[in-house]
There are 2 protein chains.
Amino acid sequence: MKKVLLRDVAEKAGVSIAMVSYVLNGQKTDRINKDTAQRIRNAVEELNYRPNFLAQSLKLKKTFSLGFIAADIANTFSSQLARIISDEADQAGYALIIGSSDESKPRFERLINQLLNRQVDGLILAAPEGSDELIKALQDRKIPLVLIDRYFPELSVSSVSVNNYQASFDAMSQLMKDGRKKIGILVYDTTLHHLNERVRGAQDSIIHSDSVSYECHSIQEDLIEQEVPAAIAAMLNEGVDAIYFTSNKLGIAGMRYLMNHQITVPTQVSTLFFDETEVFDFYPSPLPFIRQPLADMGKKAVELLFKQMNDATLPAEACVLETSLVQSHLNVDQ
Amino acid sequence: MKKVLLRDVAEKAGVSIAMVSYVLNGQKTDRINKDTAQRIRNAVEELNYRPNFLAQSLKLKKTFSLGFIAADIANTFSSQLARIISDEADQAGYALIIGSSDESKPRFERLINQLLNRQVDGLILAAPEGSDELIKALQDRKIPLVLIDRYFPELSVSSVSVNNYQASFDAMSQLMKDGRKKIGILVYDTTLHHLNERVRGAQDSIIHSDSVSYECHSIQEDLIEQEVPAAIAAMLNEGVDAIYFTSNKLGIAGMRYLMNHQITVPTQVSTLFFDETEVFDFYPSPLPFIRQPLADMGKKAVELLFKQMNDATLPAEACVLETSLVQSHLNVDQ
DNA sequence: TCTGTTTGTTTAAACGTTTAAACAGTTTAA
DNA sequence: TTAAACTGTTTAAACGTTTAAACAAACAGA
C-alpha cells in the first residue's frame with residue numbers, strides 16, 4: 001500500500017505534476033483546459049491522493065499549526081481553554097499542538113523549542129513564573145505570540161487576560177456587604193502578576209472599610225496539600241469568617257480540608273473562589289465564585305494571534321476581559 | 001533575524017553541510033577529525049542552530065509525532081489520559097497532537113485524516129460509536145494504531161481497556177452485600193461495546209441473586225440533562241434503593257439532580273459510579289466508585305504503539321487492565 | 001615504485017511539494 | 001505577412017535536510 005504521490009496522479013492523468021498542483025490549489029484556473037482539469041480531479045479522486053503536509057509546509061514555509069502551552073493541562077481551566085482554542089484553530093484550518101509546562105520554567109522552555117522546531121506558525125502561551133526574558137526573546141525573534149491568562153506588565157506583548165484586580169475588589173465588597181468582618185486570603189507564593197493583582201484588588205477593597213480586617217497566607221505551589229490545611233487552621237483560629245481562594249486548585253484543597261473537618265459553608269465560614277469547577281455542583285450549599293469568560297478568552301487569543309501572523313508589524317494588543325461574580329452554580333438549568 | 005540553516009553553520013565552520021549533518025547526528029564519528037568536529041559544534045552553538053523539523057521529517061519519513069483522538073477532551077477522563085500519553089510520548093522524544101471527536105464519527109474521521117496528512121507516526125484512538133469500518137480501513141493501510149478505552153471485539157486491533165464486565169459484576173455484588181434490593185442502572189443508549197459490557201456485567205451479577213431486582217435506563221448522550229433527571233425520578237418512584245452510573249458524565253448529571261431535590265446519599269439511595277472525579281471531594285458522604293488505572297492505560301497504549309511502529313508485522317495485542325472498587329475518596333491523604 | 005588501505009571530506013541525489021519561467025501552438029491585429 | 005498576444009502545458013529550481021557514493025591525500029605493505 002504505497003503512498004500516492006503527486007507524480008502518480010500526474011501519470012494517471014497523463015499530465016505533468018505541475019498541472020496537478022495547479023488544479024489542486026485552484027491556481028491558473030483561467031488558463032487550464034476544463035477537460036484536463038476534470039481528468040486530473042478524477043485521477044485524484046480515484047487514487048485517493050492526499051498531499052504530504054511536510055513537503056507542502058517545507059515549500060510554503062507555513063505549517064498551518066499553532067502551539068498552545070498550558071500551565072497545567074490536568075487543570076480544568078487549562079483543558080477547557082485548550083478545547084476552545086483547538087476548536088477555533090480547527091475552524092481556521094489550523095491544527096493545535098498542546099503542551100503543558102506544569103508551571104516549570106525549564107519545561108516551558110523545552111516545549112517552546114520543540115514547538116518552534118516543528119515550525120508552528122504561532123504560539124499561545126500561559127507563561128510560568130519568571131519566563132519574562134524568554135518571552136522577550138521570542139518577541140525579538142518576531143515569533144507571532146499571544147499570552148493568555150498570565151501577562152507581564154513590563155513587556156509589550158499581545159495578551160488576553162481578565163480584570164483580576166477589579167474582580168477581586170468587587171468580590172470582597174460583596175463579602176463585606178454580606179457582613180463579613182475578617183477575611184482570609186489564600187494565594188500562591190509567586191511573582192505571577194495576575195495572581196498578585198487578585199490579592200492587591202482584595203486588599204484595596206478591604207482597606208476602604210475600617211471595620212473589616214484581612215489576613216493573607218501565601219502557599220507554595222508544590223506544597224498545597226500541606227500548607228493549605230495549615231493556613232486554614234490558622235485563619236479559623238484567628239476568627240476569620242470568610243476565605244477567598246485566589247485559584248481553583250487552592251479552593252479545592254481548601255474545601256477538602258473544610259469537609260474533612262466538618263466545617264460547613266457558609267454557616268461556619270463563607271468562601272469565595274476564583275474560577276469555577278464542576279465540584280461546586282456537589283456541595284450542598286451554593287458556593288459563590290468569580291467566573292472567567294473562558295470561551296471569549298480562547299477566541300480572542302486565537303484572533304489576536306492570527307492578526308499578528310498576518311501582519312508582523314502590528315503593535316501588541318492587550319485584551320482585558322470582564323469576569324462575573326456568580327452567586328451559585330446550582331439550579332441553573334433545572 | 002534570518003533562520004539559521006545547516007548551510008550557515010557549514011560556512012562558518014568552513015566545511016560542507018554534509019559534515020555538519022554527520023557531526024550533529026553523531027554519525028561517522030570514527031572518521032571525522034576531532035578538531036573539525038569541535039569547530040562545527042562551536043559554530044552550531046554560536047549561531048544557535050536548530051534543525052528544521054519539516055525538512056528532517058520529509059527526508060527521514062518520520063515525524064516523531066503521535067496523534068491522540070480523545071472522546072471528549074473536556075471530560076476529566078480524557079484530559080488526564082491526554083496528560084499521561086503526552087508525558088510518555090515526550091519522554092521518548094515524540095510530540096503529541098491531540099484532537100477531540102466529541103463522540104462524533106464524522107469529526108473523528110476528519111481528525112484522523114488531518115493527523116495522517118501531518119504524517120504522524122502512530123495513532124492512539126478513543127473511537128466513537130460506529131467507527132469500526134474506519135478503524136479497519138486504517139489497519140489495512142498498515143497505520144500503527146492503538147485503541148484506548150473503547151474497542152471492537154470483532155476487530156483484531158491492538159487495544160488497551162479495562163475489565164468492564166468484571167468491574168461491574170463485582171461492584172453489583174458489593175451493593176447487594178450491602179443489602180440493596182432494587183438497583184437502577186443508568187447507561188447511554190449506545191452500541192459502544194465497553195459500555196454495554198458494564199451493563200451486562202451488572203445484570204449477570206444481579207441475576208444470580210433472586211431476592212434482588214434491577215431496572216436499566218438508557219440515556220441519549222446529547223440529552224443527558226433532560227433524560228437523567230427523568231430516569232432517576234422514575235427509578236425512585238419504583239422504589240430503587242441504589243443507582244449505578246456507568247459513566248462519569250451520567251454520574252455528575254445524576255448527582256446534580258439528587259442534590260437539587262435534597263435526596264441524600266447513601267441514606268435515601270446509594271450510588272455507585274464508574275470513574276472517579278474530583279467532584280466526589282465535595283460531597284459530604286463517601287461515594288464509592290470504580291477506578292480505572294489511567295496512568296497504566298496511557299503508558300501501556302504508548303508502549304503498544306511503539307511496539308507496532310518498530311515492527312509492523314507484529315500481531316495485535318489486546319491489553320485488559322484491572323479496575324478497583326474504591327469505597328471512598330475522602331480522607332485519603334489527611 | 002606501485003597497489004591497497006585508511007582517513008577526512010565533498011558531491012549530489014533524494015524526500016514531495018510549489019511556482020516562476022519557458023515553451024509551443026494558435027489566434028488576433030496591423 | 002509578421003509580430004504580438006493568448007492558451008495550455010512543461011521544465012526546473014527551490015524548500016532544508018540526510019546519506020550513499022565519490023574523491024583526494026596520506027600512509028602502509030610488497
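A note on names: the letters A, B, ... follow the listed sequences, proteins ahead of strands, and every chain is numbered from 1.
Among the protein residues, B:I17 comes within range of the nucleic acid bases, having at least one heavy atom under 4.0 Å from a base atom. Using a 4.0 Å heavy-atom criterion, one finds that B:F53 contacts no nucleic acid atom at all. Nucleic acid contact for A:Y49: sugar-phosphate only, since backbone atoms but no base atoms lie under 4.0 Å from a heavy atom of the residue. A:L5 comes within 4.0 angstrom of the backbone, heavy atoms only, and of no base. A:L58 comes within 4.0 angstrom of a base, heavy atoms only. Counting non-hydrogen atoms under 4.0 angstrom, A:T36 reaches the backbone sugars and phosphates but no base. Across all strands, A:L6 comes closer than 4.0 Å to base atoms (heavy-atom distances).
Residues B:T63 and B:L54 are not in side-chain contact: their nearest non-hydrogen atoms beyond the backbone lie 4.5 Å or more apart. Residues B:S161 and B:Y151 are in side-chain contact: their nearest non-hydrogen atoms beyond the backbone lie under 4.5 Å apart.
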With side-chain hydrogen bond (donor to acceptor under 3.5 Å, both in side chains) as the test, would you mind laying out the steps for B:S79 and B:N75 before giving the verdict?
-> CA-CA 6 Å; B:S79 65; B:N75 190 319; over 6 Å; no

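Here A:E221 pairs with A:K249 under the salt bridge (charged side-chain N to carboxylate O under 4.0 Å, His left out) rule; sequence neighbours left out. Remark: B:E11 engages no residue in a salt bridge (charged side-chain N to carboxylate O under 4.0 Å, His left out) (not counting sequence neighbours).
A side-chain donor from one of A:E129 and A:T191 sits under 3.5 Å from a side-chain acceptor of the other.
For residues 86-115 of chain A, the salt bridge (Lys or Arg N to Asp or Glu O under 4.0 Å) pairs, not counting sequence neighbours, are A:R83-A:D87, A:D87-B:R107, A:D90-B:R107, A:D90-B:R110, A:D102-A:R107, A:D102-B:R83, A:E103-A:R150, A:K105-A:E133, A:R107-B:D87, A:R107-B:D90, A:R110-B:D90. Sorted by first and then second residue, the pairs that involve residues 32-61 of chain A and meet salt bridge (Lys or Arg N to Asp or Glu O under 4.0 Å), not counting sequence neighbours, are A:K12-A:E46.
The residue among B:R50 and B:R31 whose nearest nucleotide of DNA chain D lies closer to the 5′ end is B:R50. Nucleotides of DNA chain C nearest to A:Q56 and B:I32 differ in position, and the one nearer the 5' end is that of B:I32.
The heavy-atom pair separating B:A71 from B:A126 by the smallest distance is N-CB, 3.8 Å.
Taking the screw axis at each terminus of the helix from C:dT1-D:dA30 to C:dA30-D:dT1 from five consecutive base pairs, the angle between the two is 70° to within rounding of 10 degrees.
If you walk DNA chain C from 5' to 3' and mark each nucleotide with an atom closer than 4.0 Å to a heavy atom of chain A, the marks span C:dG16 to C:dA21.
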